Amino acid sequence: MQVLVAVAWPYVNGDIHVGHLAGYLLPADIFARFKRLHGHEVLMVSGSDCHGTPITVQADKEGISPREVVEKYHKLDLELFRLYDLSYNIYTKTNTENHRRVVQELFLDLLKNNYIVKDTMKQYYSMEDGKFLPDRYVEGTCPHCSAKEQRSDQCEACGRWLSDGELINPISKLTKSKVELKDTEHYFLDFKKFEKKLSSYLESRKKIWKKWVLAEAEGWLREGLEKRAITRDLDWGIELPIEEIEKLPKEKHLSNFKGKRIYVWFEAVIGYLSGAIEWSLRVNGQLSGGEQDIIFNFDKGQKKGWKEYWLNKTAKHYYFMGQDNLVFHTLMWPVQLMGTGKGYNLPTDVVVNKFMNYENKKFSKSRGWTIDSARIAKRYGVDLVRYYIIANLPENKEGNFTWKGFTDAVNNELVANLGNFVHRSLSFIQSRFNAKVPEGKLENEVKFEIRAAFCDCEELFEKVKLVEALERLFRLVAFANRYFDKKAVWKVVKEDEKEAENILYNCVQIIAALRVLLSPFLPGTSEKISAMLGQANVVCKVEEDNWRMEEVKAGTSLGKIDVLFEKLDFELVEREREKMK
RNA sequence: CGCGGGGUGGAGCAGUGGUAGCUCGCUAGGCUCAUAACCUGGAGGUCGUUGGUUCGAUUCCAACCCCCGCAACCA
């Protein structure tokens with residue numbers, strides 16, 4: 001079966017922090033890894049969102065061009081994703097030729113199908129700059145509280161909402177020159193025409209989506225969706241396919257196409273489709289070049305066509321994103337797909353996560369309240385960070401990253417439970433049994449526990465309940481430590497060597513199960529365990545279900561035994577925290 | 001009456017119309033193979049407030065109080 005793992009496209013205007021990892025990057029990676037292990041064909045697709053005001057704002061701030069901003073941060077993001085071992089099949093960008101083409105085609109489909117309409121709206125226009133300005137670039141005095149230098153949509157000082165034209169003495173943030181409201185014509189996506197279809201779409205996903213995600217989407221729909229502008233007056237963005245539009249009847253033309261670009265909200269999500277197409281072109285050798293600028297992977301046994309994922313009705317689509325993206329993926333993106341009339345697959349599940357806070361406060365780049373994801377991974381190890389974030393994923397309510405929580409989780413769960421069990425078992429074999437897996441038979445009790453762990457975790461994975469899946473697998477670790485204690489090998493070995501061998505054989509098989517169960521969450525740790533067991537790494541192959549324990553045979557020579565995780569010194573971490581502030 | 005979520009032992013969370021559970025923390029004991037790691041037991045809660053339905057409500061209903069997210073181009 002084909003599974004599209006669609007990961008939200010991050011703006012490339014700054015660092016990816018821990019909140020991004022928790023919100024969608026790690027959940028998507030873990031889910032994709034599980035699916036591959038299970039023998040499914042996975043296409044994990046994403047890329048950098050290169051357009052939109054956040055990019056131009058950052059460019060202004062740094063005194064460089066938007067293109068340079070994109071290049072700079074795209075490169076940094078790629079490095080980070082490689083560091084965290086995120087298993088994209090393709091991670092590309094929205095400023096590629098391929099993406100432009102796919103976006104323009106989709107736009108034309110909707111225009112031809114009469115789902116895109118024209119309308120006029122008012123926007124601030126700067127005479128001096130000779131162009132329209134996004135709200136972000138306009139400031140003035142609040143008519144309610146007289147606070148100066150407020151934005152045109154809401155006053156931060158008194159919190160009141162402003163409508164167009166209310167702001168007193170609006171000026172351009174760039175040139176400080178006067179701006180005035182002026183009519184401008186745009187294309188709009190007409191959501192009204194989709195209300196019925198959307199509501200039956202939501203109905204069909206009732207059992208799959210998280211309750212609050214569905215409730216939120218239904219709330220929006222109930223309120224009624226207005227038509228929404230899909231073009232802007234900008235010079236950074238994807239151009240309209242003017243030549244093609246002009247071939248259509250006159251009433252579909254704007255009176256003036258000059259300075260119109262496709263709005264980023266409409267265009268970026270199309271990346272899920274264009275990214276799949278790019279992947280397909282590269283796999284088939286129809287596109288090459290720029291390999292150092294993307295992440296590209298072809299899994300063993302995977303079919304090569306993007307249509308297998310997008311038009312094959314049995315394919316499943318899972319989307320991962322932060323809560324700010326909920327409306328775009330539960331309502332707008334489905335409309336864009338439906339409107340083409342081409343039968344593209346709609347999202348099966350839209351996995352939305354809440355945000356993660358940092359020491360009880362929102363992450364904030366501007367206030368410096370943030371954690372450098374690359375730095376903590378290098379300092380403490382990728383898997384320690386992956387573990388703590390996963391254990392605290394904001395699946396249903398806001399999460400929290402605290403240094404106390406981090407050290408506690410590492411010391412009590414990773415070191416004391418998982419690490420300890422693996423180490424006490426294997427080092428025992430090393431010192432008493434010459435580092436060879438002893439003879440034994442899998443006891444029923446152990447067999448049952450292992451099976452139950454695989455079974456329960458699988459069920460939780462299918463529902464994308466990743467925190468619970470992780471917790472469940474740690475219950476097997478707890479069982480393992482209990483088993484080790486109850487059996488008291490260290491005593492038995494003095495009286496009955498055969499029985500001691502049997503106990504340790506069983507422990508080895510539990511570890512063998514753990515390396516598989518852990519591999520979606522902590523791939524690095526899984527590899528370490530494999531090496532210690534003298535095994536090759538866990539394999540993923542299409543149509544081969546490797547979500548199961550594979551026996552490690554008696555007589556197998558163990559690799560070098562080492563501790564899996566080092567204990568963290570809270571004092572040192574505290575100091576780190578001071579530095580990071 | 002904008003939309004949505006939430007108030008449960010010190011902290012973070014599950015949960016159900018019928019004597020309230022988990023993880024961490026705290027505490028007593030056991031063990032000594034293991035990174036002072038592991039195992040067993042214990043203390044600690046009138047399940048936001050008020051009213052209603054019921055033989056019985058933490059769970060269902062109503063009102064109220066409080067907290068949070070979204071409605072902005074903030075993950």
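Quick note on labels: first sequence line is chain A, next is B, and so on, each numbered from 1. Note that the structure is a prediction, hence the values are computed from the model and not measured.
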Legend entry - N or O in side chain of A:K491 less than 4.0 angstrom from B:rG30 OP1/OP2: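 It does not, given that no N or O in the side chain of A:K491 lies less than 4.0 Å from OP1 or OP2 of B:rG30.
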Legend entry - Whether A:F31 and A:Y318 hold their rings parallel, tilted or perpendicular, with breakpoints at 30° and 60°: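 The arrangement is tilted - the two ring planes meet at 30° to 60°.
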Inset, instruction - May I ask you to check whether A:Y319 and A:Y272 place their ring centres under 6.0 Å from each other? - result: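 Centroid distance A:Y272-A:Y319: below 6.0 Å, so yes.
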Inset, instruction - Would you kindly say whether A:W9 and A:Y91 are connected by a side-chain donor-acceptor distance under 3.5 Å? - result: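 No, no side-chain donor-acceptor contact under 3.5 Å.
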Inset, instruction - Using both distances under 3.5 Å as the test, list the Watson-Crick or G-U wobble partner of B:rC64, or none. - result: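 Its partner is B:rG48 (Watson-Crick or G-U wobble, both distances under 3.5 Å).
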Give [X] one of three labels, base, sugar-phosphate or nothing, depending on what nucleic acid heavy atoms sit under 4.0 Å from its own.
{"X": "A:E218", "result": "nothing"}
{"X": "A:V489", "result": "nothing"}
{"X": "A:F355", "result": "base"}
{"X": "A:V563", "result": "base"}
{"X": "A:G322", "result": "sugar-phosphate"}
{"X": "A:K567", "result": "base"}
{"X": "A:L418", "result": "nothing"}

Legend entry - Between B:rC13 (P) and A:I390 (CD1): distance, integer Å: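 Checked: the CD1 to P distance equals 19 Å.
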